[in-house]
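None of these values were measured; they are calculated from a predicted model.
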2 protein chains.
Amino acid sequence: MGADDERRVTITAIAQEAGVSVPTVSRVLNGRSDVAPGTRERVEELLRHHGYRRRGSRGVRRADLLDLVFNDLDSPWAVEIIRGVEDVGHAAGVGTVVSAIHSHSTSTRQWLQNLQARASDGVIVVTSHLIPPVHAQLRRLNVPVVVVDPAGVPATDVPSIGATNWAGGLAATEHLLGLGHRRIGFVAGPPHLLCSRARLDGYRAALEAAGAPLDERLVQAGDFYHASGFAVGSALLDLDDPPTAIFAASDQMAFGVYEAVRQRGLRVADDVSVVGFDDLPEARWASPPLTTVRQPLVEMGRLAARTVLRLGQGEEIEAPRVELATELVVRDSSAARPR
Amino acid sequence: MGADDERRVTITAIAQEAGVSVPTVSRVLNGRSDVAPGTRERVEELLRHHGYRRRGSRGVRRADLLDLVFNDLDSPWAVEIIRGVEDVGHAAGVGTVVSAIHSHSTSTRQWLQNLQARASDGVIVVTSHLIPPVHAQLRRLNVPVVVVDPAGVPATDVPSIGATNWAGGLAATEHLLGLGHRRIGFVAGPPHLLCSRARLDGYRAALEAAGAPLDERLVQAGDFYHASGFAVGSALLDLDDPPTAIFAASDQMAFGVYEAVRQRGLRVADDVSVVGFDDLPEARWASPPLTTVRQPLVEMGRLAARTVLRLGQGEEIEAPRVELATELVVRDSSAARPR
DNA sequence: CTGAAAGCGCTTACAG
DNA sequence: CTGAAAGCGCTTACAG
């Protein structure tokens, strides 16, 4: 977004090409209702095609802005994504507007209005079901959208960036199997999230491949936060035939499991192996340091920003869905099965 | 920031009032050098007085934006502040632009340019020495500034919002003294930061008031991050006459101290009491849960946003410097001195 | 539903 | 250092 985009189209150019007057294009742009459907469509097509964006008079450069939307800002997760996006945005002279919509419809509407007023160049949505009407509205505004860590199977026309959750679930479980564990508990994430399901499937696939029994009582869902890890971890450890290892679908839940283990007078690693997912900064500093599956959150943010910026310039994206590699980081919370 | 600010001044009005032409005002606005000092001053004064902000043609509403600037986005800290600011901004229809300048001058210059392009309504600077030229530039742009957790003694003309660091340091140390500890180590923050110095002074004041000896070997500075807590904690514990309690000026350093304690085969609380500062979400989930001094980070963010928004509307601020109360949260990492 | 006209807020040469 | 003039990109009545 430097000097290279000085040559952007004006509504005058669009009007000419569409064979309509300037005011008509202006009306389409502002979502006024008094435009014939055919005209509207033709103009919108051209606006989209040229990647039109409103400009001020003469050399008045518009603000270059990019919207980064979370459901909530209460996870240590969020700041990693922000870092990645900000990094790329900053370098490109694009500001990163961070919002939390709390899955609340009035909040979402408010946000959409704000977004429109600030004429954002692109939107990055993190782990969210952006409801279809919002999508439609964004399309009308001609704002490119990229989804990070898609909540559900993303629409094919919206680029998405995720991590290889299935492979991560597989790797973590194989690691525990390799240490001799056979009864491996799984603290899943919320079942409606795609990433949760992929991690769970990876866990199952590893067990199956190893010919280990799949005991459904060993699988229970949490909500990614500490408390649920503690609750589910406790439930698993209180089973008649408790697991010797527990794989949690988030680091925070893994720390909750730590607590559950300790509360029972057991030791992490020595008595119960624990593996997490995310590799938050604190994983390295937990005691014992947590074995976990690393998600490249900063890189995901970076890629999302680059993608949405390129989209904004009218460039084509090669792959609409990208998954960045996860990586198993072995530390001290996992050990050979006690005999 | 709603419909209420439609009536803003234009440069035409300013020009008239200043008795100069419109282009001259435009030049002042754009920081062009070819304006006589006297003229510039007069025009700037009027711009400031009327709270001028650039507008597009006709009814083109400008983006309502607020800049939140960190040195770095690598602390779990940051997200708490962001939450507070976003919360207030969102409700007011104002977008929160988050940046990290990494105390890097090119990065800062870049940011300033971006800020100017996006015509931000206000700037919230977190724990930073915003160098004087930057301040001067912001003033020229007529952008209100609020500092959160000021790095140094803030200029009297810049409102600042902090926490009662001194009182927090005092409370934590008194707590440990009350548990019978006399040799209390202190892992300080970076000495150039005001908050570090205040916490340290609180620690000293408590010792002094209790008539406890002040051993300077028991005070060593870290950088607020984990690793330094581990390093300093280790050094303190390796002293000939080690402390029975360690107060760290950040939660992350406190967790580093946990590691140092464990590495020596000692137990937190039972053998060495540990107290932190911040009350990050993970403090509750550490094992043992960390006794710490709570900083109301979200509230600090909220107040900063409200303040900068009010400043932007030309309102007067009652108190230029506010400190929100810290609070000692006693959990399980502190215990009576072992005999 | 659409365009010709007027106009807004601003900036950029140009001249002095 | 400053202003009169031209002009840009857009929007808003107004008329049909």
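- Side chain to side chain, B:Asn71 and B:His102 fail the donor-acceptor criterion of an N or O pair below 3.5 Å.
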Show me the donor-acceptor pairs, under 3.5 Å and distance only, between side chains in residues 298-309 of chain A and residues at least two apart or in other chains.
| from | atom 1 | to | atom 2 | distance (Å) |
| --- | --- | --- | --- | --- |
| A:Glu299 | OE2 | A:Arg302 | NH1 | 2.9 |
| A:Arg302 | NE | A:Asp87 | OD2 | 2.8 |
| A:Arg302 | NH2 | A:Asp87 | OD2 | 3.3 |
| A:Thr307 | OG1 | A:Leu303 | O | 2.7 |

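- Remark: side-chain polar atoms of A:Asp121 are paired, donor with acceptor, to backbone N or O of A:Leu65 under 3.5 angstrom.
- In this structure, B:Ser26 does not reach the C:dC10 phosphate: none of its side-chain N or O atoms is under 4.0 Å from OP1 or OP2.
- Taking atom CD1 of B:Ile11 as the reference point, atom P of D:dC8 lies 18 Å away to the nearest angstrom.
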Protein-nucleotides 2-4 of chain C N/O pairs closer than 3.5 Å?
| from | atom 1 | to | atom 2 | distance (Å) |
| --- | --- | --- | --- | --- |
| C:dT2 | OP1 | A:Thr39 | OG1 | 2.5 |
| C:dT2 | OP2 | A:Ala36 | N | 2.9 |
| C:dT2 | OP2 | A:Thr39 | OG1 | 3.2 |
| C:dG3 | OP2 | A:Ser21 | N | 2.9 |
| C:dG3 | OP2 | A:Ser21 | OG | 3.0 |
| C:dG3 | OP2 | A:Thr24 | OG1 | 2.7 |
| C:dG3 | N7 | A:Arg27 | NH2 | 2.8 |
| C:dG3 | O6 | A:Arg27 | NH1 | 3.3 |

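- Other residues, nucleotides and ligands contribute only 12 or fewer heavy atoms inside 6.0 Å of the CD atom of B:Glu41.
- Checked by atom type, the side-chain pair A:His90/B:Ser107 shows a donor-acceptor distance below 3.5 Å.
- If you take CD of A:Glu41 and P of C:dC1, they are 14 Å apart, rounded to a whole angstrom.
- Annotated stems with DNA chain C as a participant read C:1-3 with D:14-16, C:5-12 with D:5-12, C:14-16 with D:1-3, given as range with range, by first number; only runs of 3 or more Watson-Crick or G-U pairs under 3.5 Å qualify.
- Contact annotation: the side chain of A:Val143 never approaches that of A:Asp67 to less than 4.5 Å [non-hydrogen atoms, C-beta and beyond].
- Using a cutoff of 4.0 Å between basic side-chain nitrogens and carboxylate oxygens, B:Arg83 and B:Glu80 are scored as salt-bridged.
- Checked by atom type and distance alone, the side chain of B:Arg310 never pairs as donor or acceptor with a backbone atom of B:Glu315 at under 3.5 Å.
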